[in-house]
Peer 1: 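Questions regarding the structure given below will be posed in turn.
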Amino acid sequence: MDRVFDTKVQLLKYKAIKAVIERAYSGKLDMALYEIPKEIVPGPKSDMRCCIYKERAVIEERVRMAMGGDKDNPNVIETLPVACDECPMESYFVTPACRGCINHKCMEVCPKGAISMQGKHAVIDSEKCIECGKCAKSCPYGAIIELTRPCVKACKIGALKISDEKTAQIDNDKCVMCGACVYACPFGAIVDKSYVLECVDILKEAEKSGRKVYAIIAPAIVSQFKYAKIEQIVEGIKKLGFHQVIETAMGADITLGKEMEELKERDKMTTSCCPSFVMYIERHFPKLVPYISTTPSPMVEAASLIKRTSPDSKVVFIGPCASKKHEYKLEKTNGAVDCVISFEELQAFLDARGIDVSTLPESPLNNASKYGRIFAKSGGISQGVKDLKDKYGLGDKEVCPLALNGLEQIRLAMLRLNAGKLPENFLEGMACEGGCLNGPLCLSHGDKNIVDVDKYGDQAKEKDIAATLTMYEMTKSLEEGGNL
C-alpha cells in the first residue's frame, strides 16, 4: 500500500479504516477500539511516538473517526488532541545565523522586551513574545524566522487557532471543511470523519432486500488508483455490492446546462459545484450569497437523476472531497445522496473485501461528456461555458468567466465583487488548488493529475452535453407526469 498513497499519514489512516470495515462485516465492531490499536501497533518498540502506549492512544482516536467521530460536532473535520503535540510552540525562532551583533536591532524594536542576549546569541522569551514580527524584519542577517504550523499555514481563512493546551483548534463558524489541514498535518492530528459504516449498512441491507445501490464516482477518480485502469476500478466497485457505477460527470453535464440557462437571466453569478466555495461565501461574505447559482451540484444532479428512474434505490458518492460529507446531509439536497465515502476509503473498502482491482476485467464507463469529466480541474467549468455558450443560447450575451483556483484567489475575488470592482460575470470557484483532482482525500496529488483528467475528457464518446440534458428532461417529464 505504500505505493498507493502520498504520505505515511494516509497509510495509517487507511489501516484504521480497513480494520473497521473488516470488523463491520464480521460482526466484531464491539471490540474495535481495543483491538485495532494493538494490531496496528503491536510493539514492543515505538516507531512514531515516545512509546507504544501513546501510539495506540492515537490509533484509538483514528478508529473513532473511522467509526463516525463525534456525533455532536457538526463539522466533518476534527482534531485529535492526543496526536497534536510535536509542532514547535514558538512562532518566532532565532537560528544559528545570529551573529550577536553590536546593534541589537531585534532588542530595540521589540515592544515587550522579549529578546535578550545570552553570550553572543539572541534569545526570545516565548512568554513575553506577542508575535508581532518586528524582530524578524529588523535582523540584518535574517537570523530570526517565523515558524508556522503546517495546519495553520494550509488554512487560508483563519479557521485554525492554537488552544491554551498548544493543540490545533477548529473554529466551526469560520471553517468551510475544505480539508486542506487534513492533508497538510504531518502527524495526522486533523482528520475527516468517515461514514464507511453507513456504507456497509447500505450494502448489507441491499444484499438481503435486493435493493439497488448505485455508486456515483467523481471524475477526479481517473487520476487515482494508478496501478489499475479506471474500467477495472469500476468492476471492483461493482464487486463490493453496487448495482451500477455512474459518472458524477453526468451530473456535471446537467449542472453546466442549467448554469448557462441561469446565466441568461443574471448579470453576474458564481458556480455552486464546490460546497466549500459556497460555504465560504455564506460564512465570510454573506452579502454575496445572492450571486451563488441556484443549480444543485453535479453530485446532487447525478443522484437525483438516479432516484427519479429508480426511486427505491440508494446512492453512494465516491470522491476526493471532505466537504461533500457535509453537503449530502444538507436539507437542500432532498435526500438525493445516501452516503459519501472518499477515494482513500474506497481503497480501504476494496482491500478489506479482498478485491485486487488490477486483476479484474474491465467494465465500460460512458455516461458523460468531455465537459462533465473536466469539471474535476480548475477552469473546467469555465472552459465548458466558453466552448458551448453559442450553442446554448448565450451567443448574444457577453460571457466573461473567471476560474478561481483555491481559497486565496477566491478571497481576493470576493473582496472585489463586494466592492463592485469585478468585471467578470461568471465566477467558477474551487476551494482546492488545482480543483477536485487535488482534493484532500485523494490517494495522490500532483500536476500529472491534470493530464490524466484532460485525457479522460478527450476519451468521452460524447463531445457535447446534449445527450445528458435530453435524458434529464425525459426523467423530469416522467416524474412530473407521475409515471415513475
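Below, each value reflects all heavy atoms present in this structure, side chains not excepted, and no hydrogens, waters or symmetry copies.
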Peer 1: Quick one: ring pair (Phe, Tyr, Trp, His ring centres under 6.0 Å) pairs with a partner in residues 347-385, sequence neighbours left out?
Peer 2: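 Counting only pairs at least two positions apart or across chains, no ring pair (Phe, Tyr, Trp, His ring centres under 6.0 Å) contact touches residues 347-385.
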
Peer 1: Arg266: which residues meet the side-chain hydrogen bond (donor to acceptor under 3.5 Å, both in side chains) condition with it, sequence neighbours left out?
Peer 2: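 Per chain and number, Arg266 pairs via side-chain hydrogen bond (donor to acceptor under 3.5 Å, both in side chains) with Glu262.
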
Peer 1: If you compare all heavy atoms of Gly335 against all heavy atoms of Asp338, which two are closest, and at what distance to 0.1 Å?
Peer 2: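 Where Gly335 meets Asp338 most closely, the heavy atoms are O-OD1, 4.2 Å.
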
Peer 1: Apply the test salt bridge (Lys or Arg N to Asp or Glu O under 4.0 Å) to residues Asp171 and Lys161: give CA-CA distance (whole Å), side-chain angles for both, the deciding distance (0.1 Å), then the verdict.
Peer 2: CA-CA 8 Å; Asp171 184 338; Lys161 58 183 180 180; 5.4 Å; no

Peer 1: Applying salt bridge (Lys or Arg N to Asp or Glu O under 4.0 Å) to Glu207 and Lys204, what does each step give before you reach the verdict?
Peer 2: CA-CA 5 Å; Glu207 188 177 4; Lys204 289 171 75 173; over 6 Å; no

Peer 1: Tell me, please, which residues at least two apart from Lys229 pass side-chain hydrogen bond (donor to acceptor under 3.5 Å, both in side chains).
Peer 2: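 Partners of Lys229 under the side-chain hydrogen bond (donor to acceptor under 3.5 Å, both in side chains) test: Glu362.
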
Peer 1: List the atom of Ile318, the atom of Ser342, and the distance in Å for their closest heavy-atom pair.
Peer 2: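 Minimum heavy-atom contact is CG2-O, 4.2 Å.
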
Peer 1: Determine whether a donor-acceptor pair (N or O, by modelled atom type, separation under 3.5 Å) exists between the side chain of Asn405 and the backbone of Ser378.
Peer 2: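 A pair under 3.5 Å: no.
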
Peer 1: With distance as the sole test, does Thr309 use its side chain to make a donor-acceptor pair with the main-chain N or O of Leu305 at under 3.5 Å?
Peer 2: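 Yes; judged by distance alone, with no hydrogens or angles, the pair exists.
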
Peer 1: For residues 184-197, please give each side-chain donor-acceptor pair under 3.5 Å, one per line with the distance, not counting sequence neighbours.
Peer 2:
residue, atom, partner, partner atom, Å
Asp192, OD1, Lys13, NZ, 2.4
Asp192, OD2, Lys325, NZ, 2.7
Lys193, NZ, Asp70, O, 2.8
Lys193, NZ, Asn73, O, 2.4
Lys193, NZ, Asn75, O, 3.0
Lys193, NZ, Glu78, OE2, 3.3
Ser194, OG, Val196, N, 3.3
Ser194, OG, Glu345, OE2, 3.0

Peer 1: Going by heavy atoms in the side chains, are Gln347 and Val4 under 4.5 Å from each other?
Peer 2: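 Yes - at least one pair of side-chain heavy atoms lies under 4.5 Å apart.
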
Peer 1: Please list, chain by chain and in numerical order, all residues satisfying ring-ring contact (aromatic ring centres under 6.0 Å, His included) with Phe285, sequence neighbours excluded.
Peer 2: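 Checked Phe285 against ring-ring contact (aromatic ring centres under 6.0 Å, His included); matches are Tyr280.
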
Peer 1: Between the main-chain N or O of Lys314 and the side-chain N or O of Lys307, is there a donor-acceptor pair closer than 3.5 Å?
Peer 2: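 Answer holds: no.
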
Peer 1: What are the two closest heavy atoms between Gly406 and Glu433, and how far apart are they?
Peer 2: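 Closest heavy-atom pair between Gly406 and Glu433: CA-CG, 3.9 Å.
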
Peer 1: So do the side chains of Lys324 and Ser297 get within less than 4.5 Å of each other, counting heavy atoms only?
Peer 2: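 Yes. Closest side-chain heavy atoms under 4.5 Å.
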
Peer 1: What's the shortest heavy-atom distance between Ile292 and Ser272, and which atoms?
Peer 2: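 Reported closest heavy-atom pair: CG2-CB, 4.1 Å.
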
Peer 1: Please evaluate residues Arg64 and Glu61 with respect to the criterion salt bridge (Lys or Arg N to Asp or Glu O under 4.0 Å), reporting the C-alpha separation (whole Å), side-chain torsions for both, the decisive distance (0.1 Å), and the verdict.
Peer 2: CA-CA 5 Å; Arg64 289 186 196 278; Glu61 292 306 306; 3.2 Å; yes

Peer 1: A quick test of your reading: do over 12 heavy atoms of other residues, nucleotides or ligands sit less than 6.0 Å from OH of Tyr34?
Peer 2: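 No, not enclosed.
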
Peer 1: Do Lys18 and Ile21 touch side chain to side chain, with heavy atoms closer than 4.5 Å?
Peer 2: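 No; the side chains remain at least 4.5 Å from each other.
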
Peer 1: Using a 4.5 Å cut-off on heavy atoms from C-beta on, say whether the side chain of Lys377 contacts that of Asp454.
Peer 2: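 Result yes, sub-4.5 Å side-chain heavy-atom pair found.
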
Peer 1: Checking Cys432 against His445 for the side chain to side chain contact (heavy atoms under 4.5 Å, CB included) test, could you report, in this order, the C-alpha distance in whole Å, the side-chain angles of both residues, the deciding distance, and whether it holds?
Peer 2: CA-CA 11 Å; Cys432 296; His445 304 71; over 6 Å; no

Peer 1: Which word best sums up how the rings of Tyr14 and Phe5 line up, parallel for under 30°, tilted for 30 to 60°, or perpendicular for over 60°?
Peer 2: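 If you compare the ring of Tyr14 with that of Phe5, the planes turn out tilted.
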
Peer 1: Examine distances only and state if a side-chain atom of Thr255 and a backbone atom of Pro296 form a donor-acceptor pair shorter than 3.5 Å.
Peer 2: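 Between the backbone of Pro296 and the side chain of Thr255 there is a qualifying donor-acceptor contact (under 3.5 Å).
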
Peer 1: Compare all side-chain heavy atoms of Lys226 with those of Asp452 and state whether any distance is below 4.5 angstrom.
Peer 2: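 Side-chain contact under 4.5 Å: yes.
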
Peer 1: Would you call Glu301 and Lys258 a salt bridge, taking side-chain N to carboxylate O under 4.0 Å as the test?
Peer 2: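 Answer for the salt bridge query: yes.
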
Peer 1: Side chain of Ser310, backbone of Ile306: donor and acceptor closer than 3.5 Å?
Peer 2: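 No; zero donor-acceptor contacts below 3.5 Å.
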
Peer 1: Contact between Leu407 and Val176 at the side-chain level, heavy atoms closer than 4.5 Å - yes or no?
Peer 2: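 In contact.
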
Peer 1: Please enumerate all residues that pass side chain to side chain contact (heavy atoms under 4.5 Å, CB included) together with Asn366, with sequence neighbours excluded.
Peer 2: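 Asn366: side chain to side chain contact (heavy atoms under 4.5 Å, CB included) contacts with Pro364, Arg373, Lys461.
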
Peer 1: With no hydrogens and no angle check, is any side-chain donor or acceptor of Asn449 less than 3.5 Å from a backbone partner on Ser444?
Peer 2: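 Yes, because the side chain of Asn449 sits within donor-acceptor range (under 3.5 Å) of the backbone of Ser444.
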
Peer 1: Please report the closest heavy-atom contact between Ala303 and Val337, naming both atoms and the distance.
Peer 2: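 Smallest interatomic distance, heavy atoms only, reads CB-CG2, 3.6 Å.
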
Peer 1: So, using ring-ring contact (aromatic ring centres under 6.0 Å, His included) as the criterion, who are the partners of Tyr328 when residues are at least two apart?
Peer 2: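 Tyr328 satisfies ring-ring contact (aromatic ring centres under 6.0 Å, His included) with no residue once adjacent residues are dropped.
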
Peer 1: Can you list everything that forms a side chain to side chain contact (heavy atoms under 4.5 Å, CB included) with Arg23? Sequence neighbours excluded, please.
Peer 2: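 So Arg23 forms a side chain to side chain contact (heavy atoms under 4.5 Å, CB included) with Ala19, Ser26, Lys28, Leu29, Ala32, Glu35, Ile36, Glu39.
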
Peer 1: Does a side-chain heavy-atom distance below 4.5 Å link Met260 with Phe426?
Peer 2: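 No, their side chains stay 4.5 Å or more apart.
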
Peer 1: More than 12 heavy atoms of other residues, nucleotides or ligands under 6.0 Å from NZ of Lys421: yes or no?
Peer 2: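 No, the 6.0 Å shell around NZ holds no more than 12 heavy atoms from other groups.
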
Peer 1: Quick check on Lys463: does its NZ atom have over 12 non-hydrogen neighbours (other residues, nucleotides or ligands) under 6.0 Å away?
Peer 2: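 Buried by this count: over 12 neighbours within 6.0 Å.
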
Peer 1: Would you compute the distance between atom CG of Leu240 and atom CD1 of Ile355 and round it to the nearest 0.5 angstrom?
Peer 2: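 Between Leu240 CG and Ile355 CD1, I get 4.0 Å after rounding to 0.5 Å.
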
Peer 1: Applying ring-ring contact (aromatic ring centres under 6.0 Å, His included), can you list everything that pairs with His326, at least two apart in sequence or on another chain?
Peer 2: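 Applying ring-ring contact (aromatic ring centres under 6.0 Å, His included) to His326 gives none.
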
Peer 1: Please confirm whether the backbone N or O of Pro275 pairs with a side-chain atom of Glu327, one donor and one acceptor, at under 3.5 Å?
Peer 2: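 Such a contact is absent between Glu327 side chain and Pro275 backbone.
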
Peer 1: Holding to side-chain hydrogen bond (donor to acceptor under 3.5 Å, both in side chains), I want the full list of residues that pass it with Tyr291, two or more places apart in sequence or in another chain.
Peer 2: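 Here no residue qualifies.
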
Peer 1: Test of understanding: with side chain to side chain contact (heavy atoms under 4.5 Å, CB included), list the residues that count as partners of Ser363, not counting sequence neighbours.
Peer 2: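 Counting only residues at least two positions away or on another chain, Ser363 forms a side chain to side chain contact (heavy atoms under 4.5 Å, CB included) with Val234, Glu235, Lys238.
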
Peer 1: So, the side chain of Asn367 versus the backbone of Glu247: is there a donor-acceptor pair under 3.5 Å, distance only?
Peer 2: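 A pair under 3.5 Å: yes.
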
Peer 1: Spell out, as yes or no, whether a donor-acceptor pair under 3.5 Å connects the side chain of Lys268 to the backbone of Leu422.
Peer 2: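 It does hold such a pair.
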
Peer 1: Checking Phe277 against Glu428 for the side chain to side chain contact (heavy atoms under 4.5 Å, CB included) test, could you report, in this order, the C-alpha distance in whole Å, the side-chain angles of both residues, the deciding distance, and whether it holds?
Peer 2: CA-CA 9 Å; Phe277 172 54; Glu428 172 198 322; over 6 Å; no

Peer 1: Should Ile217 and Leu346 count as side-chain neighbours, where that means a heavy-atom distance under 4.5 Å?
Peer 2: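 Not touching, per the 4.5 Å side-chain cut-off.
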
Peer 1: Closest heavy-atom contact between Asn425 and Pro401?
Peer 2: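 Shortest heavy-atom contact: OD1-N, 4.4 Å.
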
Peer 1: Is there any ring pair (Phe, Tyr, Trp, His ring centres under 6.0 Å) pair reaching into residues 229-275, and which pairs are they, with sequence neighbours excluded?
Peer 2: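 For residues 229-275, and leaving out neighbouring residues, the ring pair (Phe, Tyr, Trp, His ring centres under 6.0 Å) pairs sorted by first residue read Tyr214-His243.
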
Peer 1: Could you check whether Lys264 pairs with Glu261 (Lys NZ or Arg NE/NH1/NH2 to Asp/Glu carboxylate O, under 4.0 Å)?
Peer 2: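 Result for this pair is yes, salt bridge flagged.
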
Peer 1: Is it the case that over 12 heavy atoms from other parts of the model lie below 6.0 angstrom from the CG atom of Asp447?
Peer 2: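 Result for CG/Asp447: open.
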
Peer 1: Report the distance from atom CG of Leu11 to atom CD of Glu344, rounding to the nearest 0.5 Å.
Peer 2: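 Answer rounded to 0.5 Å: 10.5 Å.
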
Peer 1: So does Asn172 get a backbone contact from the side chain of Arg283, meaning a donor-acceptor N/O pair under 3.5 Å?
Peer 2: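 At least one qualifying donor-acceptor pair exists.
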
